Amino acid sequence: MKNFEKKLRLLYEKMDNAYDKVCKYYGFECKGCTDNCCYTLFFHHTNIEYHYLITAFLKIDLNKQKKIIKKAEKSIEEINLTGSNKRLKNICPLNIDGLCIIYNHRPMICRLHGIAHELQRPQGVVFGPGCEAFTKTAEEKKYFKFDRTEFYIEMAKLEKEFKQIYNINKKFKKTIAQMLIAKRDKLQKEIN
Ligand code: SF4
């Protein structure tokens, strides 16, 4: 597991460096806003990131963990009621007072969100505009190429390796709240 954690950390570092470079060019800094990405409904698709995130979650003080789980339950209720609405009323359960409590362990999509980007797909290049705050800051500037493709490919390779070693066959698709509840349920099963 340690070896996988190291590989994942290195990949995250690459993403963070590329992201910072682009932010520097635009003069963009994410300071938290009403359009906060932690209110956005995202699904995460890798077991390896799930394990990495849960490792950090389990290090949080137990009382806080319980509060976070309560928030996760509320968040899931909302998703079940509203369906795949992109913007949620409940912030991500791991966001406490505007800050991500597992910041260094946050998944790829949280790291790459916010800035204009592109992705090479078999059918052609797909462009993404970035968040509202970014668009306001960057409107005067020319597009600075931020290609997510190599990060997605490297993550997919790492996930494949991880699934092979740990004999995992199922595909993964969960929001952060669903990840936390899945872990709670697994822990409960182990106790019973
Ligand atoms: S994991 Fe952290 S960065 Fe990602 S949505 Fe939750 S609080 Fe925000």
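Note that ligands are numbered from 1 as they come in the structure, with each ligand's atoms numbered from 1 the same way. In what follows, residues are counted from 1 in the order of the sequence shown. As the structure is a prediction and not an experimental result, all values here were calculated from the model.
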Close side-chain approach of Ile68 and Ile96, heavy atoms under 4.5 Å: yes

Quick one: do the Glu161 and Tyr166 side chains pair a donor with an acceptor below 3.5 Å? no

Only counting residues at least two apart or in another chain, list the ones meeting side-chain contact (heavy atoms from CB on, under 4.5 Å) with Lys64. Ile60, Asp61, Ile101

Parallel, tilted or perpendicular: which fits the ring planes of Phe144 and Tyr25, with parallel below 30° and perpendicular above 60°? tilted

Using heavy atoms and a strict 4.0 Å limit, residues surrounding ligand 1 turn out to be Cys38, Cys92, Leu94, Asn95, Cys100, Arg106, Cys110, Ile176

Parallel, tilted or perpendicular for His45 and Phe43, by the 30°/60° rule? tilted

Answer yes or no: is there a side-chain heavy-atom contact under 4.5 Å between Tyr50 and His44? no

